[in-house]
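Just so it is clear, the values below take in all heavy atoms, side chains as well, and ignore hydrogens, waters and symmetry mates. Proteins get letters first, then strands, A, B, ... in listed order; numbering begins at 1 in each.
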Amino acid sequence: MEQYDHKKIEKKWQRFWQEKHTFEAGEDQKKEKNYILIEFPYPSGDGLHVGHVRSWTALDIVARKRRAEGKNVLYPIGWDAFGLPTENYAIKTGKDPRIVTKENTDTFRRQIQSLGISFDWSREINTSDPDYYRWTQWIFLQLYRQGLAYKAKTYINWCPKDKIGLANEEVIDGACERCGTPVEKREKEQWMMAITKYAQRLYDDLDTVDYIPQAKLQQRNWIGPSQGAEIRFPIKDSDRSIAVFTTRPDTLYGATYVVLAPELLLAAQLAEQAENRDELKEYIVATQQVSEMERTAEGKEKTGIEMKGIRAINPVTKKEIPIFVANYVLGGYGTGAVMGVPAHDQRDYLFAKRFHLPIQTVLEPLITKKEGEDALQSSLPLVERRSVVAVIKHWSEDKYLGVRWKRTNWQAFVIGGIEAGEDAAAAGKREIREETGYRNATPVRSLGGTVHAQFYQTLKQENRFAHFEPMLFQLENAERDPITPEEQALHDLVWLSPEEMDAFITHPDMQIIWDRVKGNECYTGEGILIHSGTFDGLESEVAKEKITASVDGVPRTVFRLRDWIFSRQRYWGEPIPMIQCPSCGWVPVPESELPVLLPEVDRYEPTDSGESPLAAITSWVETTCPSCKGPAKRETDVMPNWAGSSWYYLRYCDPKNTKQFASEDTLRYWTPVDWYNGGMEHTTLHLLYSRFWHKALYDLKLVPTSEPYMKRTSHGLILAAGGEKMSKSKGNVVNPDDIVERYGADALRLYEMFLGPFDQPVAWNEDSIIGVRRFLERVWKLAKQPTAQEPAPETEQLLAHTIAKITSDIESLKCNTAVSQLMIMLKTFEQYAPTEEQLQIFLQLLAPFAPHIAEEVWQGKGNTSLLEELPWPTYNPEILVSKEVTIAVQINGKVRSTISAPLDAPEQEVIERARSDNKVQTWLARGTETRVMYVPGRVVNFILDL
RNA sequence: GCCGGGAUGGCGGAAUUGGUAGACGCGCGACACUUAAAAUGUCGUGAGCUCGUAUGGGCGCGUGUGGGUUCGAUUCCCACUCCCGGCACCA
């Protein structure tokens with residue numbers, strides 16, 4: 001018998017598909033379209049990564065299935081070719097990046113074609129091709145005309161090694177994302193993209209698309225809207241005021257100081273008038289030398305300086321409060337000034353502690369019934385084990401009272417259980433008095449409380465409590481009733497030092513509570529206002545509005561998102577098509593002159609001044625102003641590599657168009673992208689940038705939809721064997737070529753699909769690739785066996801189930817279970833030979849996963865049509881309904897036996913059948929039956945008193 | 001620190017979303033074929049205790065940890081630990 005020779009078969013079909021243009025998207029716009037997109041690769045010198053194979057194979061399976069379902073599928077591929085690694089390579093070797101790119105893309109193309117992925121190669125694009133970047137430049141000009149591209153002098157993140165400005169988004173842990181060099185701050189004129197103008201829409205429109213939840217969430221967090229208010233704090237003896245942005249106007253009565261960001265103009269101006277003016281100026285200068293990342297790094301000590309002699313006035317309390325300049329406030333966010341509310345903000349709290357500023361509590365926590373119940377639940381074990389159930393701080397000394405309740409009567413166990421109609425603080429005081437004999441104890445803050453199980457049950461049944469508030473009580477100024485002998489008998493009351501307390505507490509849950517007490521955090525949640533004048537008793541949500549209105553504050557939404565720095569002082573990117581004229585200012589290059597070609601240079605390094613190498617080519621820089629025809633200079637910065645990838649999916653629709661980036665006609669047909677898959681690492685930057693460009697183009701009526709991608713999924717990383725990232729330096733990179741050579745493309749595809757859940761990271765483990773290879777060889781063998789005339793009863797239902805499972809698994813990218821289903825089907829066919837028709841269905845289901853072998857086997861059967869051109873198999877759903885089902889019989893929830901019964905058997909009959917089972921009878925004899933549960937078709941459960 | 005995701009046999013992982021935990025594959029063991037090995041095929045394989053000469057049966061245990069809800073929890077709730085990804089004082 002002829003052996004399964006993957007090399008021969010795979011080469012044959014790959015050539016066939018290429019010659020016949022099998023996977024090129026059709027032009028027939030009457031047919032229903034389906035646009036499937038993967039992130040086009042950066043053609044690095046390392047060649048194809050097995051991670052590429054994972055993502056592209058998964059979507060290839062979807063594409064092939066949808067073609068079989070009769071859709072006109074567009075599944076394109078191209079190259080995201082501009083970028084730093086290529087440029088750095090060019091700098092090192094002196095080789096033209098164009099040539100490097102050509103070599104790399106040739107390698108990638110060959111590697112991809114050996115995988116049998118059904119890309120439409122006729123639409124291949126390359127972002128570094130002038131025919132492509134002509135349109136990238138063109139789109140830039142449209143955005144410029146909309147006022148979305150502008151030049152601004154900003155403090156930028158400056159990488160001293162790459163000599164390049166980085167977007168904030170490109171800085172990782174204070175270091176350059178690419179080279180790891182610590183980032184410095186430097187002032188620079190840069191082209192900016194006003195993405196913040198679209199912040200609200202980028203946020204809101206996430207509701208209209210089907211992204212995996214994590215991706216939506218990550219985008220939302222990145223955009224990060226905060227609703228709050230701008231409130232003015234007047235400066236004493238001055239007509240000026242400080243505008244602060246706060247999300248917590250409800251805590252305004254607790255604002256005991258104001259802080260300005262060092263880079264704020266106002267800070268510099270006020271410093272001039274301050275008594276300690278030199279000290280302040282020095283601090284302001286020093287702070288700005290440090291990069292923002294470093295300045296705001298975790299664990300970095302908060303520094304700040306008071307502006308002596310200048311006071312602000314809290315607009316509600318009218319009290320004079322100090323003004324600080326401090327590094328923990330950022331100039332670029334909100335108004336660049338904040339009010340300090342140490343009682344209810346963690347950073348403010350630490351700052352106030354450090355500078356000995358007053359801390360004024362203005363909120364009491366409000367615990368909902370739900371939270372109360374949860375707190376009760378988690379504290380039950382404490383009670384039952386008679387452990388420490390409350391920690392009470394001594395009124396003057398650094399001592400804590402560990403209370404170990406002895407009483408078993410439930411009433412004794414309530415700490416802060418609030419009865420309906422009772423005030424939280426009052427309830428706490430009552431409890432503390434009853435339990436410890438201390439009067440006038442003041443609740444300080446939430447702790448986690450405790451209650452007896454029986455009491456909890458009673459409360460739950462009677463629904464008696466409004467809130468449950470576990471809290472810490474401060475015994476300052478509290479009076480102590482004498483401890484009676486009865487009390488002494490009821491409780492162990494001991495005053496302990498913190499060290500003794502450490503030893504005293506053994507239960508892990510109590511440990512957590514104790515740690516919180518020691519940590520002495522401030523309360524940052526919402527609650528009910530206190531010490532807030534006429535606003536006392538209001539809940540935070542209501543108070544925010546009312547307090548804001550009372551001081552003429554302005555409600556405002558502030559975004560975390562910042563404008564996109566678009567300039568790069570580098571070589572290997574799209575030239576920005578702008579000309580600076582001494583008399584006309586910035587003038588766009590006329591569209592007829594696009595593309596502005598990237599000129600060839602001798603040296604690729606940025607100049608020492610940080611300018612692009614293009615700046616050195618005088619003949620290119622010197623030009624005439626398109627407007628006044630006078631002498632002018634070209635912009636020498638280039639675009640970031642995000643530019644070309646922000647719109648590439650549009651070019652695929654009409655890649656050869658020389659009049660437009662894509663015709664209206666093709667855009668209307670193909671867009672939006674139906675399914676876009678990519679890495680989680682691109683869910684913030686690339687995805688957000690391209691959504692932004694798309695929306696801007698939509699507003700210009702250049703694209704027909706407001707969102708580019710209807711559906712977005714993400715794949716998990718493929719890690720090296722040890723669970724580490726694959727990297728050249730570690731020498732643990734797996735080259736797909738080797739696997740294709742040894743096991744074949746079909747085996748590699750199946751293997752990567754079988755590895756594990758698609759959206760989770762997996763470690764490469766070559767040991768198990770042999771399993772899928774064996775599977776393919778068994779398929780090969782099966783096809784050579786004689787087929788049956790009549791379908792075997794053992795196979796009919798399973799085949800229908802297999803069609804159903806694979807059809808739905810592909811749609812949810814659960815390819816691992818789809819492959820396992822194919823294996824189960826194969827095993828059954830090895831026992832009970834399939835008919836010709838059954839074998840055909842099996843091959844059709846296999847084809848998206850392992851297209852070469854499926855097609856070869858199909859052709860080997862004497863068929864002249866292509867397997868993949870047959871319509872996707874269907875099944876009769878009725879066949880899936882079993883008449884007889886196995887039902888588990890449980891005794892007290894444990895499976896003791898199984899019985900068989902008709903699916904539609906009435907409950908009584910099934911229970912009787914279960915009752916008469918031998919094993920069940922022995923169990924039933926041992927106790928008294930109190931109850932029987934029946935879950936139709938699944939489980940009978942007898943509940944016995946044993 | 002915050003946000004998101006995860007933890008299941010020796011290993012990768014299944015589990016109809018609250019109903020017989022461990023599908024499928026790898027590995028391992030036994031057997032068959034073979035002079036032998038490889039390849040292939042068949043069967044077995046969570047771990048413990050236990051009954052039986054034996055085919056086989058029984059019992060408690062078991063999905064990161066500690067609790068809770070439920071007739072029943074890998075699945076839901078609370079608290080925690082560790083791992084992966086993202087973010088950085090965002091007021």
Original post:
Looking at B:rA91, B:rC3, B:rG60, which one has an atom nearest to any side-chain atom of A:D345?
Top reply: B:rA91

Subject >> Residue whose closest nucleotide on RNA chain B lies nearer the 5' end, A:R896 versus A:E777 >> reply: A:E777

Original post:
Parallel, tilted or perpendicular for A:F842 and A:F775, by the 30°/60° rule?
Top reply: perpendicular

Any N/O pairs under 3.5 Å between the protein and nucleotides 20-24 of chain B? List them or say none.
none

**OP:** Give a yes/no verdict on a cation-pi contact between A:R931 and A:F942, requiring under 6.0 Å between NZ or CZ and the six-membered ring centre and an angle within 45° of the axis.
**Re:** no

Original post:
Do A:K784's NZ or CZ and the ring of A:W780 fall within the cation-pi criteria of under 6.0 Å and 45°?
Top reply: yes

Original post:
Are the aromatic ring centres of A:W564 and A:Y689 under 6.0 angstrom apart?
Top reply: yes

**OP:** Could you tell me the separation between the CD atom of A:Q218 and the C1' atom of B:rG86, rounded to a whole number of Å?
**Re:** 5 Å

**OP:** Would you indicate which nucleotide in B:rG86, B:rC84, B:rG60 comes nearest to any side-chain atom of A:P761?
**Re:** B:rC84

**OP:** Just call it for A:V259: base, sugar-phosphate, or nothing, with non-hydrogen atoms closer than 4.0 Å on any strand.
**Re:** nothing

N/O-N/O pairs, protein side and nucleotides 26-31 of chain B side, under 3.5 Å:
residue : atom : partner : partner atom : Å
B:rC26  : OP1  : A:R774  : NH1          : 2.6

Original post:
Contact class for A:R778 (heavy atom, under 4.0 Å): base, sugar-phosphate, or nothing?
Top reply: sugar-phosphate

Original post:
5'-most contact on RNA chain B: A:S226 or A:R931, nearest heavy atom basis?
Top reply: A:R931

Original post:
What does A:K805 touch in the nucleic acid at a heavy-atom separation under 4.0 angstrom: a base, only the sugar-phosphate, or nothing?
Top reply: nothing

Original post:
What is the pairing partner of B:rA39, taking Watson-Crick or G-U wobble pairs with both distances under 3.5 Å in any strand?
Top reply: none

Subject >> For B:rU65, glycosidic torsion class - syn if within 90° of 0, otherwise anti >> reply: anti

Subject >> Whole-Å distance separating the CG atom of A:N941 from the P atom of B:rG72 >> reply: 8 Å

Original post:
In terms of side-chain heavy atoms of A:K781, which of B:rU40, B:rG19, B:rA91 is nearest?
Top reply: B:rU40

Original post:
Does a salt bridge link A:R712 with A:E39, judged by any charged N lying under 4.0 Å from a carboxylate O?
Top reply: yes

Subject >> A:K919/A:D917 ion pair, N-O < 4.0 Å >> reply: no

**OP:** Give A:P757 one of three labels, base, sugar-phosphate or nothing, depending on what nucleic acid heavy atoms sit under 4.0 Å from its own.
**Re:** sugar-phosphate

Original post:
Watson-Crick or G-U wobble partner for B:rG1, using a 3.5 Å limit on both distances?
Top reply: B:rC87

Original post:
Would A:Y751 and A:W764 satisfy ring-ring contact (aromatic ring centres under 6.0 Å, His included), going step by step from the backbone distance to the final call?
Top reply: CA-CA 10 Å; A:Y751 167 68; A:W764 187 261; 5.0 Å; yes

Original post:
Is the gap between the ring centers of A:F355 and A:Y257 under 6.0 Å?
Top reply: no

**OP:** Quick one: look up who B:rU81 pairs with, Watson-Crick or G-U, both distances under 3.5 Å, and put none if it's unpaired.
**Re:** B:rA7

Subject >> Pair A:R556 + A:E230: basic N to acidic O under 4.0 Å >> reply: yes

**OP:** Go through B:rG60, B:rG5, B:rA88 for me and flag the one nearest to the A:K894 side chain.
**Re:** B:rG60

Original post:
Would you call A:R915 and A:E929 a salt bridge, using N to O less than 4.0 angstrom?
Top reply: yes

Original post:
Between atom CH2 in A:W222 and atom C1' in B:rC2, what is the gap in whole Å?
Top reply: 14 Å

Original post:
Does B:rG27 have a Watson-Crick or wobble partner in any strand here, with both distances under 3.5 angstrom, and which is it?
Top reply: B:rU45

